[in-house]
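Below is one structure, written out as structure tokens; comments come after it.
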Amino acid sequence: MPDTTQKSKAEKSVQGLQHRHLLGLQTYSADEIALILQTARQFRDVLDRPIKRVPTLRGVTVVNLFFEPSTRTRISFELAEKRLSADTVNFTASGSSVSKGETLKDTAQNIEAMKIDMVVLRHVSPGAPQFLTQCVDAVVINAGDGAHEHPTQALLDMLTISDHCGPLEGLKVSIIGDILHSRVARSGIHGLLAMGADVTICGPNPLLPLHLEDMSPNGTVRVTHRLEEALEGADVAMALRIQMERQGRNLFPSTREYHEQYGIKSEHLKRYPDLRVMHPGPVNRGVELASEVVDHERAIILNQVTNGVAVRMAVLYLLSGAAKSSMAE
Ligand code: CP
């Protein structure tokens, strides 16, 4: 883990992180992503200790602003902040003055007036974290904005893939399902392409976005509508949740037919013995994945969740350099 008393290698590299905020992975370089993953590996050691806490962010105040439901991301950020000894405050839209009509800008500025250093924001609107950077001085971390980006999910996914399959460069990763509505897919594609992985996306036509070549400056993705084509030769299959709440209309006939065509089943694990299966959660059992696949030893879904805490510790730590320097100003 990063040494907190001496200037460690990771700490020196903070100067190498080009961004003040984490709004998405589209603009993050391979070097920056590699630094975050390497720092997360070091923080994992802390999580294996009997006392899972280091003083790294002592004196730093982080507000978790969640305007949308979350289980994994919210708990994971909160745990990461506590493991780093930050002071944390949790805000959820329900029960707040948002229900009385207060805007995001006013909410954030009022919270910042209470002297905070970092904001973790989940919001239904794409671009809300970017907007927040124009309203507050605090460091902003995107915990998922609409169907735009979910960068810490992509980072924990890349850490999990590299744990199980080795260096990301040249690995074959297939992302299957509702790509159109998926911030996880967008961040994943940006990050994986930056790291040199081969990315295939697969799903029914109405769930695939147009103009995929615009999704990343780092390359293009292969597109297929056939699950077998996506799984053949893949190191990892990442199934995505069918997001009924974002669709607003039925883009495929039924979840039963979706499962028949695009659901990963036991027969696929038998046919592709090296394939690992991932899912960002929450899983619709029997839709994206057969229930027995979720529980299979080659499903590494809970490893993703475990890695989420270490990745978020790394992001908070690396970006806290910017928070601390503005504290000193
Ligand atoms: N993967 C993910 O973002 O899960 P939550 O919505 O539960 O945070």
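Each ligand, and each atom within it, is numbered from 1 in the order the structure gives.
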Check: For ligand 1, which atoms sit closer than 4.0 Å to a heavy atom of T73?
Finding: 2 (C), 3 (O), 4 (O), 5 (P), 8 (O)
Checklist line | Protein residue, atom and distance nearest to atom 4 (O) of ligand 1, heavy-atom basis | finding: R72 NE, 3.0 Å
Check: Does the R183 side chain pair with the main chain of G146, one donor and one acceptor, at a distance under 3.5 Å?
Finding: yes
Notebook entry, point to check: Which residue holds the protein heavy atom closest to atom 1 (N) of ligand 1, what is that atom called, and what is the gap in Å?
Noted result: P280 O, 2.9 Å
Margin query: Just to check, does G144 reach to within less than 4.0 Å of ligand 1 when the distance is taken from its heavy atoms?
Written below: no
Margin query: Just so I know, are the side chains of D163 and N303 near enough to count as touching, which here means a heavy-atom distance under 4.5 Å?
Written below: no
Notebook entry, point to check: Nearest protein heavy atom to atom 6 (O) of ligand 1, by residue and atom, and its distance?
Noted result: R122 NH1, 2.9 Å
Note to self: For ligand 1 and S70, I'd like to know whether there is a polar contact (N/O to N/O, distance under 3.5 Å).
What the structure shows: yes
Next item on the list: Classify the ring geometry between F67 and F91 as parallel (under 30°), tilted (30 to 60°) or perpendicular (over 60°).
Entry: tilted
Check: What do you reckon, is NZ of K52 surrounded by more than 12 foreign heavy atoms closer than 6.0 Å?
Finding: yes
Check: What is the closest protein heavy atom to atom 7 (O) of ligand 1, and at what distance does it sit?
Finding: T71 N, 2.8 Å
Check: Any idea which heavy atoms bring V311 and L156 closest together, and the distance?
Finding: CG2-CA, 3.7 Å
Next item on the list: Under 4.0 Å from a heavy atom of Q153: give me the atoms of ligand 1 that qualify, with their elements.
Entry: 1 (N), 2 (C)
Check: Does a side-chain N-to-carboxylate-O contact under 4.0 Å join R285 and D295?
Finding: yes
